[in-house]
**Q** 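Before I ask anything, here is the structure I am working with.
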Amino acid sequence: MDEKKRMLSGIQPSGDLHLGNYLGAIRNWAERAETFDCYYFMADLHTITVRQTPADLRRRTLEQLAQYIACGLDPEKNTLFVQSHVHQHAELGWVLNCYTMFGELSRMTQFKDKSAKNAENINGGLFTYPALMAADILLYQPDFVPVGEDQKQHVELCRDVANRFNGIYGDVFKVPEPFIPEVGARVMSLGTPENKMSKSDPAGCVFLMDKPEDILRKFKRAVTDCDTERCVRYAPDEKPGVANLMGIYAAVTGMDYAAVEREFEGQGYGAFKPRVGEAVVECLRPIREETTRLLADKGYLESVYRAGAERAGYMAEKTLRKVYKKVGFLAR
Ligand code: TYM
């Protein structure tokens with residue numbers, strides 16, 4: 001029997017999960033949970049590049065695990081774990097720091113954005129974070145890394161680092177491909193559609209745990225465009241707000257853009273916006289209910305992340321040993 005191909009990805013528990021995380025990443029993971037050997041984690045080590053409130057970070061990490069499961073990641077079929085529980089991430093992260101160039105890190109758009117937003121705390125971790133992300137990935141030798149569009153640059157850097165390392169020491173790492181969905185790869189803010197949806201802009205952001213009435217309100221207030229035709233037509237350059245809502249609607253209903261245009265032909269934005277909101281409410285309802293149910297059983301969630309760390313640690317240790325040997329560290 002052929003071995004299954006492997007997928008790996010993670011999300012930072014630095015804020016509550018939102019529709020962008022779901023459509024850009026998690027949904028894509030869950031749809032492939034049967035056909036791939038999957039590793040998904042809560043990227044808590046990454047979150048402290050920006051100051052966190054410790055109690056909130058702990059709560060969100062557990063909530064995120066419940067949400068992964070509620071979104072369809074069965075812990076029996078997927079390895080779900082907390083990044084900091086597998087110490088090999090930090091260790092390989094250090095090694096890869098020494099194979100990642102200052103110039104490469106300086107070009108990362110996320111570093112430029114985050115350092116502009118956190119001017120009082122531009123720490124070393126924020127700068128070298130893509131080397132840790134490369135370690136997160138390469139430890140598990142995955143074939144694919146399913147992420148939204150904004151993480152593509154980091155996955156490309158990971159490939160460059162893997163190729164550089166392999167070029168010196170032989171084939172140590174599998175060089176993975178980014179895996180980006182066709183719809184939902186870049187969900188934009190409902191308030192400022194030129195920016196991506198992000199937890200730092202709560203008014204334009206739909207969280208997976210938002211109440212239905214809040215979701216509907218956010219969609220009714222969504223910024224459309226000041227064009228005169230006021231019809232639902234897919235034209236991202238001219239009408240970014242409408243295109244974003246169409247993208248969300250297409251992603252949650254499975255329709256293509258032509259079908260969305262036909263559905264709303266002759267109707268204005270007044271009918272379109274609440275309809276998108278309702279479709280999102282229905283898509284998120286089972287996730288919200290299942291998350292609430294799972295969060296009531298902390299013992300179960302603990303058993304999931306413990307088992308996940310054990311499986312992940314086994315795999316990570318195999319790669320780390322190989323790396324330590326290759327670079328010349330004396331065996332214990
Ligand atoms: P993070 O936590 O910012 O985002 C998690 C995932 O959600 C996707 N995403 C979006 N997709 C579409 N539209 C949006 N508005 C949107 N916002 C976020 C992201 O592309 C991502 O897939 N560095 C990573 C976490 C990470 C990681 C890894 C990912 C750490 N190690 C190893 C993959 C492999 C991050 O900060 O993602």
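For ligands, and for the atoms within them, numbers begin at 1 and follow the listed sequence.
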**Q** If the threshold is 4.0 Å, N to carboxylate O, is there a salt bridge linking R60 and E63?
**A** no
**Q** Does ligand 1 have any atom that is closer than 4.0 Å to a heavy atom of Q83?
**A**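 No heavy atom of Q83 comes that close to ligand 1.
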**Q** Checking Q141 side chain against K174 main chain: does a donor-acceptor pair fall under 3.5 Å?
**A**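 A pair under 3.5 Å: yes.
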**Q** How far is atom 22 (O) of ligand 1 from the closest protein heavy atom, and which atom is that?
**A** G148 N, 3.1 Å
**Q** Regarding R6 and D37, does a basic nitrogen lie under 4.0 Å from an acidic carboxylate oxygen?
**A** yes
**Q** How far is atom 25 (C) of ligand 1 from its nearest protein heavy atom, and which residue and atom name does that atom have?
**A**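 Looking at atom 25 (C) of ligand 1, the protein heavy atom closest to it is G10 O, 3.5 Å.
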**Q** With only distance considered, is E149 within less than 3.5 Å of ligand 1 through an N or O on each side?
**A** no
**Q** Consider only side-chain N and O atoms of Q64 and Y68, and report whether a donor and an acceptor are under 3.5 Å apart.
**A**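 Yes - a donor-acceptor pair under 3.5 Å links their side chains.
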**Q** Any donor and acceptor pair, going by atom type alone, linking the side chain of N78 with main-chain N or O of L80 inside 3.5 Å?
**A**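 Flag not set: sc N78 to bb L80 has no pair under 3.5 Å.
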**Q** Quick one: which of M133, H46, H154 has a heavy atom closest to atom 28 (C) of ligand 1?
**A**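 The residue whose heavy atom sits nearest atom 28 (C) of ligand 1 is M133.
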**Q** Starting from the C-alpha separation in whole Å, work towards a yes-or-no answer on side-chain hydrogen bond (donor to acceptor under 3.5 Å, both in side chains) for H46 and D136.
**A** CA-CA 10 Å; H46 287 272; D136 299 336; 2.8 Å; yes
**Q** Are any of the N/O atoms on N21, whether in the backbone or the side chain, positioned under 3.5 angstrom from an N/O atom of ligand 1?
**A** yes
**Q** Among all protein non-hydrogen atoms, which one is nearest to atom 20 (O) of ligand 1, and what is the separation to 0.1 Å?
**A**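 Of the protein heavy atoms, D150 OD1, 2.4 Å lies nearest.
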**Q** Can you confirm, on distance only, whether ligand 1 has an N/O atom lying under 3.5 Å from any N/O atom belonging to G20?
**A** yes
**Q** Please report whether ligand 1 has a polar contact with S9, defined as an N or O pair separated by less than 3.5 Å (distance criterion only).
**A** no
**Q** What is the nearest protein non-hydrogen atom to atom 2 (O) of ligand 1, stated with its residue, atom name and distance?
**A** Q12 N, 3.0 Å
**Q** May I ask you to list the atoms of ligand 1 that are less than 4.0 angstrom from any heavy atom of G24?
**A** 11 (N), 12 (C)
**Q** Could you say whether the N/O atoms of Y129 and ligand 1 ever approach to under 3.5 Å?
**A** yes
**Q** Tell me whether K239 contacts the main-chain N or O of C231 through its side chain, where contact means a donor paired with an acceptor under 3.5 Å.
**A** yes
**Q** Identify, for atom 17 (N) of ligand 1, the protein heavy atom at the shortest distance, and state residue, atom and that distance.
**A** H18 CE1, 3.6 Å
**Q** Quick one: does I137 get an N or O within less than 3.5 Å of an N or O on ligand 1?
**A** no
**Q** Please report which non-hydrogen protein atom sits nearest to atom 3 (O) of ligand 1, along with the residue it belongs to and the distance in Å to one decimal place.
**A** Q151 NE2, 4.0 Å
**Q** For P146, is at least one N or O under 3.5 Å away from an N or O on ligand 1?
**A** no
**Q** At a 4.0 Å threshold, what atoms of ligand 1 neighbour a non-hydrogen atom of G184?
**A**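 With G184 as reference, the close atoms of ligand 1 come out as 12 (C).
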**Q** Relative to the heavy atoms of R186, which atoms of ligand 1 are at a distance of less than 4.0 Å?
**A** 12 (C), 13 (N)
**Q** What's the shortest distance from atom 15 (N) of ligand 1 to any protein heavy atom, and which residue and atom give it?
**A** V187 O, 2.8 Å
**Q** Give me the nearest non-hydrogen protein atom to atom 12 (C) of ligand 1 as residue plus atom name, then the distance to 0.1 Å.
**A** A185 O, 3.2 Å
**Q** Taking E261 first and then R233, would you say they form a salt bridge - that is, a charged N and a carboxylate O separated by under 4.0 Å?
**A**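 Looking at E261 and R233, the cut-off is not met.
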